[in-house]
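In the text below, chain A, chain B and the rest are named by the order of the sequence lines, each starting its count at 1.
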2 protein chains.
Amino acid sequence: MKIDPNSAADLSAQIASAIRDAIVDGDLIVNQRLPSEAELSEQFEVSRPTVREALKRLAAQSLIRTQRGATGGAFVNKLSFEEAYPQQITTSTLLLSMNAVSFETACEARYALERSCAPLSAKRRSADHLATMRAEIHRQSQPGLTDEAFCASDVAFHRALVDGAQNPVLSYQLAGAVEAMQPLMNMITFSARDRAKIIELHTQLADALDAHDAGGADAALAELESYTTNLAVSVMEKRSSKA
Amino acid sequence: MKIDPNSAADLSAQIASAIRDAIVDGDLIVNQRLPSEAELSEQFEVSRPTVREALKRLAAQSLIRTQRGATGGAFVNKLSFEEAYPQQITTSTLLLSMNAVSFETACEARYALERSCAPLSAKRRSADHLATMRAEIHRQSQPGLTDEAFCASDVAFHRALVDGAQNPVLSYQLAGAVEAMQPLMNMITFSARDRAKIIELHTQLADALDAHDAGGADAALAELESYTTNLAVSVMEKRSSKA
DNA sequence: CAATTTTCATATGTCTTACATTTAATGTTT
DNA sequence: AAACATTAAATGTAAGACATATGAAAATTG
C-alpha cells in the first residue's frame, strides 16, 4: 500500500483508493481492524487530517466503520445488502434526474427487469410477499389517496413482487430501478379510471403469483408496462399542449 | 440545511447528509457551486476540517467535484452513467464476496437480468455490438488462453449483449451483476470441452441477435445458464471430494 | 492599442498542535 | 467480591498556518 506524492490526485483520494483495493483484493478481510489514524499517517507519510479524509471517503461507501474509545478504530465493514440498498437507490435516482432519461427508457428498463423476476417469483414467493402485495392493492383502492402515496404504494407492491424471487442479488439490483422510477411517476396525475385499471392489473398479477402461474404474471406485467407507457405519453402531451 | 450537534452521528456525516438531501431534492442543481469551505464552516458552525470530511464523503459518491484556485470550490457533479459504473461494480463485487452468495444465486440473477435484455438487444443491437461479440468469441477460441482471460472475455461478450439493448439504465444495472460474477467464475477451471460448448452457445446467441431473433437468443441464454450452473456444480463437487 | 507578462486575491490541499469525548481495561477502595 | 475511580488509547473536533493552483485584474511591453 504505497502512494505517489507526485500524482495529480489528492493524497486522501490516493490513500482511500489504496485501502479500497486492499479490501476488494481480500488483503483486508471483514471485521479486520485497520491501523490507527496515527499509524496510517506514519505509514503513508501524511498528516492525520489527510488520513481522516481518506477514511471518510471509505466510510461513505460503507467499506469501513469506525468506533471510538479504547479498543476503537476503523474496521473493514461487512457490506450487507440492506446497507447497499439506499446507496443504490440514491445513485439510480440521481442518474435518472441528471441525465434526462425519458420516462419510456426508465419504464422499459424497469419492466424488463421486473419481468425477469416474475417467473422466479411465481415459483418461490412466500405467503408474506403475497400478503404485502394484497395490502398494497387495498391501499391503492382507497379514495382520497394522493398521487404521491399511490405511487409509493405502487413501488412497495413491485418491490414485494421482486423480493418474491427470493434472490438477494436480484432484489438489490432491482431496488434501484424500481425506486428510482418513483420521482418520474410522481409527475403523472392518475385519474380514478387509471387507478382502477392499474389496480385490476395488480390484482391479476397477484392472482397469477398466487397460482404459481409464471405466464399469467408475465402477461399482466406486459400489459401494465404498455398501459403505464401510454398513460405517461398522453399526460405529457396534454401538459405540453396546455403550456 | 441545519444539523443537530447533539445527535449521535458524526458532524461530518450529518453535514454530508444535509447537502446530499439538498442535491437529491433539487435544492442544489447540477454545476451549482457550493459555498466555500470557510463559508460552510460558518453556516454549520463547525471547523473547516469537519466540513472537508463531509465534502470528501460526498466526493466519494461522485455527488460533488472540487476545483482549486481562484474560481474553484465544490460543485454539484452531474452524475454520469460512466462514473457510476465502477462504483456499482465494486459494490456488487463486495456484496457477493462478503455475503457468501452461492454461485447458483449469482448465476440465476445474472441470467435472469440478461434474458430481460435479450429481446431488446435482438431488436436494437448495432453492428458494433455484434462485432464486439464476434471478436470476443474469436478470442475465447484461442488456445492457451488462461481461465481468467477466458472469463474476462466472457464478461465483455455479455456486456456487449446488454449494451445492445441501447438502454443506459439497463446497462448500468446489469454492469454490476455481470462484472461481479467474474471473481466467482474465475474459481472454475474450464476444460477445452467446456470452452467449446460455451463458444458454440455464444455463437448461437450472436447469430440470433444478428437475425433479430429474440426467441433464439433467449433459448441460447437459457441453455448457457443451465450449462454454466451444472459446470459449476460439478467443479465444486470434484473439488470437495479431493479435499 | 493590443498582446503579453506580472501581480494578486481566493480557494482548496496539507500540516501541526491541541483539546474533547468515548470506551474498555486496569487499579483501588470498601 | 463488587463497586467505583483512574487511566490509556483511540476517534472526533477545533484553530491556525502554510503550500499550491488558478483565474482575473493590473502592469508592462512591443
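Residues in residues 147-190 of chain B take part in these ring-ring contact (aromatic ring centres under 6.0 Å, His included) pairs, two or more places apart or across chains: B:Phe150-B:Phe190, B:Phe157-B:His202, B:His158-B:His202.
By the 4.0 Å N-to-carboxylate-O rule, A:Arg110 lies too far from A:Glu225 to be salt-bridged with it.
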Quiz item: When you check every protein heavy atom under 4.0 Å of nucleotides 8-14 of chain C, what one-letter string (B, S, -) results, 5' to 3'?
Solution: -BBSBBB
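Take A:Arg124 and apply the salt bridge (Lys or Arg N to Asp or Glu O under 4.0 Å) test, not counting sequence neighbours, and it matches B:Glu108. Shown here are the salt bridge (Lys or Arg N to Asp or Glu O under 4.0 Å) partners of B:Arg52, two or more places apart in sequence or in another chain: A:Glu53, B:Glu37. With sequence neighbours left out, the side chain to side chain contact (heavy atoms under 4.5 Å, CB included) criterion links A:Gln67 to A:Phe75.
Protein chain A touches strand DNA chain D; the 5'-most and 3'-most nucleotides with an atom under 4.0 angstrom of its non-hydrogen atoms are D:dA9 to D:dT13.
A heavy-atom distance below 4.5 Å is found between the side chains of A:Val169 and B:Leu96.
A:Ser153 pairs in a side-chain hydrogen bond (donor to acceptor under 3.5 Å, both in side chains) with only one of the listed residues (A:Arg139, A:Glu148, A:Gln140, A:His138), which is A:Gln140.
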